[in-house]
Amino acid sequence: MGVKEQLTEPWGLVAAGVLGGMGGAVAAALAPAGLLVGVPVGLAVAGAVYGIRVGLGVLTDRGGSSPRPVNAAPPPNLPTPPRGSDAERFLKRAEAAVRTLRRQAEGTGDPILRSQISEVDDSAAGALGDLARFAGQVTLIDQTAAGINTQRLRQEYNQLERGLSGLPPGPLRDERERARRAVADQLDVGQRLREAREMLLARMQSAVLGMEGLVARMAELVALHATTVGGAPLTASKLAELTNDLEGLRAGLAEAERLSRSALSGGDVPGPQP
């Protein structure tokens, strides 16, 4: 609240009245002149209490107007992306976008617009939570894929393939074919993990760019609202567009997460159906 709101805040008036009345009553009871002293003392106490209440309220609001901290982290069951990784960089950019949106929401002087922007800010914070989870999923895939030595497996597969050439049917050929299938399965898993990783990172990048674009559009909207007379309906329409875009962004993230869920739960990433 600003100074005007603090001046009319009812609890400040009540507190000033009660304490001022008590102070006046005590002064009237103790002073020989009675009410002649008690009334001015009561008014002075009430005025002092009221002034302190308004001053503290304004200072508190000013101190609380700074943006709330924005720190996105994956859920406890997912690893934190290492510093400098693609997932970590995308997550930091998304945090910066939400932080800017929060400043825009808390910096406008119009309480109605501030409330409307706060709704968009809440949706953006939800998208940030989705991206934090994505960053953890990408990191988990990286850790899983690191255990698959693709180069060694390819060499072993080629070696088995050459060994099968001209080998007659029989138990030895059956064992070699089983070994080749086992190596091929590991190579397929590694390939699907890489594809899932690239898909998740691409979706993260797309979402981050969308959130950064949202920041620019929000700044434009706030400027338009401040410079246009009677622009409230237009502002509401633009805010609805931004909210719908955020919902679409989160729907895209949910779809990407669905496609990668199998690998993250210990199975294979589902590939394209024939």
Side-chain angles (χ1 to χ4, degrees), residues 66-107 114-146 192-222 238-271:
S66 57
R68 300 187 302 273
V70 177
N71 295 309
N77 61 319
L78 291 172
T80 300
R83 182 180 295 273
S85 64
D86 291 334
E88 194 258 356
R89 288 190 292 105
F90 287 144
L91 190 57
K92 290 300 181 185
R93 286 172 60 181
E95 287 179 353
V98 172
R99 193 175 295 113
T100 302
L101 278 174
R102 197 155 286 174
R103 283 198 298 266
Q104 291 172 334
E106 298 178 356
R114 183 166 59 247
S115 175
Q116 292 172 330
I117 295 178
S118 295
E119 294 178 5
V120 178
D121 170 47
D122 291 341
S123 297
L128 178 61
D130 295 339
L131 287 170
R133 190 169 61 254
F134 264 49
Q137 292 172 353
V138 169
T139 305
L140 180 59
I141 289 178
D142 284 340
Q143 294 175 353
T144 305
R192 288 195 291 270
L193 287 172
R194 286 191 296 273
E195 290 174 355
R197 176 186 185 276
E198 292 305 315
M199 183 267 293
L200 289 173
L201 283 175
R203 185 65 73 177
M204 284 188 72
Q205 183 179 30
S206 175
V208 168
L209 289 171
M211 293 173 71
E212 290 173 343
L214 182 70
V215 170
R217 291 164 62 192
M218 184 66 75
E220 180 185 36
L221 186 148
V222 172
K238 293 290 186 183
L239 282 169
E241 290 180 9
L242 297 181
T243 302
N244 290 336
D245 288 348
L246 272 172
E247 291 175 354
L249 184 150
R250 296 194 69 183
L253 290 173
E255 174 64 14
E257 186 174 30
R258 184 188 68 81
L259 295 175
S260 64
R261 187 174 297 130
S262 180
L264 297 174
S265 61
D268 295 344
V269 178

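Quick note: numbers below take in every heavy atom, side chains included, and nothing from hydrogens, waters or symmetry partners.
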Query raised in the report: So how far is it from Leu128 CG to Leu91 CG, rounded to the nearest 0.5 Å?
Result: 6.0 Å
Query raised in the report: Is there side-chain contact between Ser123 and Glu247, with heavy atoms separated by less than 4.5 Å?
Result: no
Report task. Could you grab the distance from atom CG of Leu200 to atom CD of Glu195, nearest 0.5 Å is fine? Result -> 12.0 Å
Requested in this report: Look up atom CZ in Arg217 and atom CD in Glu241, then write down how far apart they are to the nearest 0.5 Å.
Outcome: 6.5 Å
Query raised in the report: Are any non-hydrogen side-chain atoms of Gln143 and Leu140 less than 4.5 angstrom apart?
Result: yes
Query raised in the report: Is atom CD of Glu220 surrounded by more than 12 heavy atoms (other residues, nucleotides or ligands) closer than 6.0 Å?
Result: no
**Report entry** Atom of Pro81, atom of Pro74 and distance for their closest heavy-atom approach
**Finding:** CD-CG, 3.8 Å
Requested in this report: May I ask you to decide if Ala135's main-chain N or O and Thr139's side chain share a donor-acceptor pair within less than 3.5 Å?
Outcome: yes
Query raised in the report: Of the non-hydrogen atoms in Leu101 and Ala124, which two are nearest, and what is the gap between them?
Result: CD1-CB, 3.5 Å
Query raised in the report: Roughly how far apart are Glu95 CD and Arg102 CZ, rounded to 0.5 Å?
Result: 10.5 Å
Query - Student check: side-chain heavy atoms of Leu201 and Phe90 closer than 4.5 Å - result: yes
Report summary line: Closest non-hydrogen contact found for Ala196 with Ile141 is CB-CD1, 4.0 Å
**Report entry** Separation between CZ of Arg197 and OG1 of Thr144, rounded to the nearest 0.5 Å
**Finding:** 12.0 Å
Side-chain polar contacts of residues 202-215 - donor-acceptor pairs under 3.5 angstrom, sequence neighbours left out - could you list them?
residue, atom, partner, partner atom, Å
Arg203, NE, Gly252, O, 3.3
Glu212, OE1, Arg93, NH2, 2.9
Glu212, OE2, Arg93, NE, 3.0
Glu212, OE2, Arg93, NH2, 3.4

Query raised in the report: Among pairs that include at least one residue of residues 124-138, which meet salt bridge (Lys or Arg N to Asp or Glu O under 4.0 Å), considering only residues two or more places apart or in two chains?
Result: Asp130-Arg133, Asp130-Arg250, Arg133-Glu257
Query raised in the report: Roughly how far apart are Gln137 CD and Leu131 CG, rounded to 0.5 Å?
Result: 10.5 Å
